[in-house]
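Just the heavy atoms: all of them, side chains too, but no hydrogens, waters or symmetry mates, feed the values below.
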Amino acid sequence: MQSTPARKVALVTGGGTGIGRAIGELLAEDGYDLAIASRSVDHLDRGARALRARGARVLTVATDVRQPDQVDRLMARVRDEYGRLDVLVNNAAGNFPVRAEDLSPNGWRAVVGIVLDGTFFCSRAAFPLLREAREASIVNIVAAYAWLAGPGTVHSAAAKAGVVSLTRTLAVEWARHGIRVNAVSPGPVRTEGTDHQLWTSESLVKRIELGVPMGRFGTPEEMAEAVRFLVSPHARYITGQVLPVDGGQWLGRGLMEFFDDRSSGGSVSPDQGGTPE
Ligand code: NAP
């Protein structure tokens, strides 16, 4: 019979690239062994090299999280390799900008399948292992448009809204099993994937920065720090919560545009239709 190793184990979906890789790196530094799962063997191999460099044992499993049989096989591999699972990070996602009226049923299904189905399939399949761990934790990676609006990304917004709902529901259902379920909501972060799909020009990057009160993009490491906190004993009484890590972006900038316009040479006085405070 396999003995339970002392080191804790974390599974990160989409853990070969971007934010997922940064999450794995910090958990590796904290002494976790890792499993990472996504479709591309190349992404997984590159991610695994970075994690091993931080001293972790790493299991890579090529998996499409939309396919429940592949997800079941993934959990079986984790059980065979490590015999335990303490942390699941549902980070895998797909996204592309599209107007709602132009979105094909296949495009809708692809994104909702990865984000919403994938998060549920992985959580459901991980449940037996997480329950055995007694003090376990799931972190879902969402986005602020889950509770605001997602113009230009209706598929992802609807799917992430579903993930926020899953986060709260599973937090309540699984609290009795010692499983906490929380979410992190990143602001804009430049990664290989998003530079290719979303932040495709420097002028767009500048406009995005203007919408963030702190005036800059976040880094993958800053997102990973929030996950590190939520899975740690420091967060042992926190469940069902969504933590925005976004430089204040979701709060909006309100009338700050007015002052910025004035300081850059433009001005709007009450006489010109501006409203005095
Ligand atoms: P990324 O590098 O493109 O990461 C997406 C990951 O998901 C990739 O590793 C990809 O690997 C994996 N993936 C895609 N489809 C999959 C599938 N069907 N099955 C399994 N894995 C799949 O982008 P990122 O920016 O780091 O995004 C990470 C998370 O942060 C996502 O949940 C995203 O929605 C969220 N987020 C990002 C930002 C941002 O500005 N970057 C903002 C808000 C929220 P394969 O290609 O190998 O499958």
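Annotation: ring pair (Phe, Tyr, Trp, His ring centres under 6.0 Å) contacts involving residues 124-144, sequence neighbours excluded, comprise F127-W174, F127-H177. For residues 197-223, the pairs satisfying ring pair (Phe, Tyr, Trp, His ring centres under 6.0 Å) are W199-F217, with sequence neighbours left out.
Within the 4.5 Å cutoff, side-chain heavy atoms of V115 are placed close to those of V163. Residues D195 and T191 form no side-chain contact, since every pair of their non-hydrogen atoms from C-beta on lies 4.5 Å or further apart. Side-chain contact between V184 and V139 is present, with heavy atoms from C-beta onward closer than 4.5 Å. You'll find the side chain of S123 reaches within 4.5 Å of the side chain of L170, heavy atoms only. At a threshold of 4.5 Å between non-hydrogen side-chain atoms, the residues E192 and T17 do not count as touching.
In terms of heavy-atom proximity, G18 sits nearest to P220 at O-CB, 4.1 Å. A pairwise comparison of heavy atoms in C122 and T13 identifies SG-CG2, 4.0 Å as the closest pair. Nearest heavy-atom pair across G118 and N90 is O-OD1, 4.3 Å. Contact record, S185 with A144: OG-N, 3.1 Å, taken as the closest heavy-atom pair. Across A37 and L11, no two heavy atoms sit closer than the pair CB-CD1, 4.4 Å. Contact detail for A62 and R39: the closest heavy-atom pair is CB-O, 4.1 Å.
Expressed to the nearest 0.5 Å, how far CG of L27 lies from CG of D86 amounts to 10.5 Å. Atom CZ of R134 and atom CZ of R131 lie 10.5 Å apart (nearest 0.5 Å). Rounded to the nearest 0.5 Å, atoms CD1 (I19) and CG (N91) are 6.5 Å apart. The CD1 atom of I208 sits 10.5 Å away from the OG1 atom of T194 when rounded to the nearest 0.5 Å.
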Name the atoms and distances for all side-chain donor-acceptor pairs under 3.5 Å in residues 237-248, with sequence neighbours left out.
residue	atom	partner	partner atom	Å
T239	OG1	V181	N	2.9
Q241	NE2	T239	O	3.2
D246	OD1	G248	N	3.0
D246	OD2	Q249	N	3.4
D246	OD2	W250	N	2.9

Atom pairs and distances, side-chain donor-acceptor, residues 48-56, under 3.5 Å, sequence neighbours left out:
residue	atom	partner	partner atom	Å
R52	NH2	V58	O	3.1
R54	NE	E29	OE2	3.2

Distance-only donor-acceptor pairs under 3.5 Å for side chains of residues 147-162, two or more places apart:
residue	atom	partner	partner atom	Å
T153	OG1	N95	OD1	2.9
T153	OG1	N95	ND2	3.4
H155	NE2	F96	O	3.1
S156	OG	Y145	OH	2.8
K160	NZ	I141	O	2.8

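With salt bridges taken as basic N to acidic carboxylate O contacts below 4.0 Å, none links E202 and R207. For the pair E81 and R77, the salt-bridge criterion is not met [side-chain N within less than 4.0 Å of a carboxylate O]. Salt-bridge annotation for R79 and E132: present, with a side-chain N of the basic residue lying under 4.0 Å from a carboxylate O of the acidic one. In this structure, D33 pairs ionically with R7, as a charged nitrogen and a carboxylate oxygen lie closer than 4.0 Å.
Between the side chain of R236 and the backbone N or O of P233, at least one donor-acceptor pair lies under 3.5 Å. Between the side chain of R180 and the backbone N or O of L230 there is at least one donor-acceptor pair closer than 3.5 Å. In terms of modelled atom types and a separation under 3.5 Å, the side chain of R66 and the main chain of G113 share no donor-acceptor contact.
Residues satisfying the side chain to side chain donor-acceptor pair (under 3.5 Å) criterion with N182, sequence neighbours excluded, are absent altogether. By the side chain to side chain contact (heavy atoms under 4.5 Å, CB included) test, Q70 pairs with T63, D64, Q67, R73, sequence neighbours left out. For E209, the salt bridge (charged side-chain N to carboxylate O under 4.0 Å, His left out) test picks out K206, with sequence neighbours left out. Qualifying side chain to side chain contact (heavy atoms under 4.5 Å, CB included) partners for S232, counting only residues two or more places apart in sequence or in other chains: F229, H234. Take S203 and apply the side chain to side chain donor-acceptor pair (under 3.5 Å) test, not counting sequence neighbours, and it matches S201. A search for side chain to side chain donor-acceptor pair (under 3.5 Å) contacts involving R46 returns D42, not counting sequence neighbours. Taking the salt bridge (charged side-chain N to carboxylate O under 4.0 Å, His left out) definition, one finds that R168 meets it with nothing, sequence neighbours left out.
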Please lay out, stage by stage, how I179 and S137 fare under the test side chain to side chain contact (heavy atoms under 4.5 Å, CB included). CA-CA 5 Å; I179 304 170; S137 182; over 6 Å; no
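Heavy atoms of other residues, nucleotides or ligands lying less than 6.0 angstrom from CD of Q197 number more than 12.
Side-chain atoms of T167 and N140 form a donor-acceptor pair, as typed in the model, at a separation below 3.5 Å.
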